[in-house]
Amino acid sequence: MNNPSDILFTAAGIAFILMSLYGSIKLKRTPFLLGICLFSFLPIIGESIAYSADQSIIHLTIIMAFIAQAILTIPTKPNYGSDNLAATAIAKKIGLAILITNAFQAYLILFFDLGVPALYGYFHIAISLILLYTIIKSVTEKSQWE
């Protein structure tokens, strides 16, 4: 953790996770999605650096997954409410896909020697837990997002 890039990635990761957590707890769509969207760029940058070092195809796969995650979580003004069943159903499925992507990335970081600090795996677990909380809350309660 002495590397300046590790400090930058850690500070940015904490900030984005806290932003997403705040949005999830307060039911504010923009900070929730923006936190996840910006967090998605950290693995893209890290995996791009790793790919430039060893050209392993697994890095490209992870980059593509997090590019998709970043695109899906770009905060936009929604033109639907909770009364639109199709939109809320697809939002839950997208949330579940993002949860699984981050949980799998945490698994890769924590259980395989990839040269990535374990802290980043815990960051992915935090994002997964925030999404799990949000999905459970949306299933059990009728809550209105701002």
Side-chain angles (χ1 to χ4, degrees), residues 5-6 8-52 54-146:
S5 65
D6 286 344
L8 179 65
F9 273 70
T10 300
I14 291 170
F16 300 149
I17 288 168
L18 290 176
M19 182 186 307
S20 186
L21 180 63
Y22 168 78
S24 179
I25 291 171
K26 294 293 187 178
L27 296 177
K28 295 183 181 281
R29 187 183 317 261
T30 300
F32 172 68
L33 292 174
L34 185 61
I36 295 172
C37 181
L38 294 175
F39 179 82
S40 301
F41 286 100
L42 298 177
I44 293 169
I45 294 166
E47 292 297 327
S48 297
I49 293 168
Y51 179 74
S52 68
D54 65 8
Q55 283 80 36
S56 175
I57 194 76
I58 189 70
H59 299 300
L60 290 179
T61 306
I62 294 169
I63 290 168
M64 297 310 277
F66 282 97
I67 287 174
Q69 179 173 307
I71 291 169
L72 288 171
T73 57
I74 293 172
T76 58
K77 288 280 187 194
N79 55 2
Y80 61 88
S82 60
D83 55 330
N84 186 333
L85 297 178
T88 54
I90 194 72
K92 289 174 189 170
K93 290 178 183 180
I94 289 171
L96 185 61
I98 294 170
L99 184 153
I100 291 169
T101 301
N102 280 282
F104 183 70
Q105 184 69 8
Y107 170 75
L108 289 176
I109 291 171
L110 295 174
F111 293 102
F112 295 98
D113 185 21
L114 303 176
V116 178
L119 178 63
Y120 300 152
Y122 297 125
F123 284 177
H124 287 286
I125 289 173
I127 290 290
S128 297
L129 290 174
I130 292 168
L131 281 157
L132 182 63
Y133 167 78
T134 305
I135 292 170
I136 290 171
K137 189 172 182 178
S138 70
V139 169
T140 60
E141 303 176 7
K142 286 291 182 189
S143 50
Q144 292 291 340
W145 285 80
E146 292 179 27

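- Atom-to-atom distance recorded for I49:CD1 and D54:CG is 12.5 Å, nearest 0.5 angstrom.
- Judged purely by atom type and a 3.5 angstrom limit, S20 has no side-chain atom pairing as donor or acceptor with the backbone of I17.
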One pair to check against side-chain contact (heavy atoms from CB on, under 4.5 Å): F39 and N102. What are the steps and the verdict? CA-CA 11 Å; F39 179 82; N102 280 282; 3.7 Å; yes
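- The shortest side-chain heavy-atom distance between F32 and T73 does not fall under the 4.5 Å cut-off.
- With contacts defined as side-chain heavy-atom distances shorter than 4.5 Å, the pair F9/L119 does not qualify.
- C37 and I74 make their closest contact through SG-CG1, 3.9 Å (heavy atoms, listed as atom of the first residue, atom of the second, distance).
- The closest donor-acceptor contact from the side chain of T134 to the backbone of S24 lies at 3.5 Å or more, if one exists at all.
- Contact detail for A106 and G121: the closest heavy-atom pair is CB-O, 3.3 Å.
- Taking the six-membered ring where tryptophan is involved, the planes of Y107 and F112 are perpendicular, since the angle between them exceeds 60° and thus also 30°.
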Would H124 and F104 count as a ring pair (Phe, Tyr, Trp, His ring centres under 6.0 Å) here? Give the steps. CA-CA 9 Å; H124 287 286; F104 183 70; over 10 Å; no
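- Atom-to-atom distance recorded for I125:CD1 and I130:CD1 is 12.0 Å, nearest 0.5 angstrom.
- Put simply, CE on M64 and CD1 on I44 are 9.5 Å apart, with the number rounded to the nearest 0.5 Å.
- Around atom NZ of K137, more than 12 heavy atoms belonging to other residues, nucleotides or ligands sit under 6.0 Å away.
- Atom NZ of K92 is surrounded by more than 12 heavy atoms from other residues, nucleotides or ligands within 6.0 Å.
- Contact of the F123 side chain with the I14 side chain is registered, since non-hydrogen atoms from C-beta on lie closer than 4.5 Å.
- Heavy-atom minimum distance, T10 versus D6: OG1-O, 2.7 Å.
- Here the CG atom belonging to L21 is positioned 9.0 Å from the CD1 atom belonging to I127, to the nearest 0.5 angstrom.
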Please determine whether side-chain contact (heavy atoms from CB on, under 4.5 Å) holds for the pair L110 and Y122, giving the CA-CA distance in whole Å, both sets of side-chain angles, and the decisive distance to 0.1 Å. CA-CA 8 Å; L110 295 174; Y122 297 125; 4.0 Å; yes
Dump the intermediate steps for side chain to side chain donor-acceptor pair (under 3.5 Å) on T101 and Q69, then the final yes or no. CA-CA 8 Å; T101 301; Q69 179 173 307; 4.7 Å; no
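- To the nearest 0.5 Å, the span separating OG1 on T61 from OH on Y51 amounts to 10.0 Å.
- In this structure, CD1 on I36 lies 6.0 Å from CD1 on I98, to the nearest 0.5 angstrom.
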